[in-house]
Amino acid sequence: MPGTIEEQTVEQLGGPSSVLARQRRDHAEMDRLMERYRALAEGEERERVLKEVVQLVFSHAFAEETVLWPAVRRSVTHGEELTSRVEEEHQQINDLVAGIERLSPGAPEREETVERVFALIRQDIRDEEDLVLPRLQEALDAAQLRRIGTAWESVRRTAPTHPHPIVPRRPPGNALLGVPLSLYDRIRDGLGPVLPSAVMKRLLTGLTGLLVSAAVAAIVRKRR
Ligand SMILES: [Fe+2]
Ligand SMILES: [Fe+2]
């Protein structure tokens, strides 16, 4: 049975652009940010670090759900079981972070929820590095891991950066809804194009309506 990817060299993982190496780099960054949050006293800087954790975790997980887990289900024995487990963790993180974003900093239950989210993120990282990704490494060669790495990275760079309870965990619904939601999130984060807010609101409402209908139609068609 293949071992964890935690201790392997970048070469063993298929090179720096392999999806395994990219995953491990992001996981290390999540760990660093969570440690930094813990080391800081309550205040603006700590809130900024929490925002960075959320943005990184959500874009990372969205790209997993649209690119990586479908690849695992296609190529790994028991891929369905393995990916259901990490999707469940993502759903719990999604629900808890949505709760955090509704509470103001300093609210008593907020800190406790942040700790629960951090524990779930660490669990998700361990399940991926120790259970899911070694199986993918066993099933694919380095060139295939690099191709998936490139696809995963391009989705990650344009993915939503906040929780959205209406988004399903699997394609095609998540991929379709991800487009308007990513735009909406990135404008909220101050990373996207600057347009007058009334124009933006109309644009997003129209786009979201259109894509929700398309996603629902695609899901209905798939179930028939
Ligand atoms: Fe991951
Ligand atoms: Fe994950």
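Not measured: the values here are computed from a predicted model. Indexing begins at 1, ligand by ligand and atom by atom, following the structure's order.
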Just to the nearest 10 degrees, tell me the angle at the Fe ion (ligand 1) spanned by Q23 OE1 and H27 NE2. 80°
Do we get R156 above F62's six-membered ring, with its NZ or CZ under 6.0 Å from the centre and within 45° of the axis? no
Without hydrogens or angle criteria, can the side chains of E64 and Q23 be said to hold a donor-acceptor pair below 3.5 Å? yes
Under 3.5 Å, is there a donor on one side chain and an acceptor on the other for E87 and Q91? no
With salt bridge (Lys or Arg N to Asp or Glu O under 4.0 Å) as the test, would you mind laying out the steps for E29 and R25 before giving the verdict? CA-CA 6 Å; E29 178 63 4; R25 280 201 297 274; over 6 Å; no
Keeping waters out of it, list the protein N, O or S atoms under 2.8 Å from the Fe ion (ligand 2). E64 OE1, H90 NE2, D124 OD2, E128 OE2
How many angstroms lie between atom CD of Q8 and atom CG of L133, to the nearest 0.5 angstrom? 10.0 Å
Once you measure the plane-to-plane angle for W69 and H90, does it fall in the parallel (<30°), tilted (30-60°) or perpendicular (>60°) bin? tilted
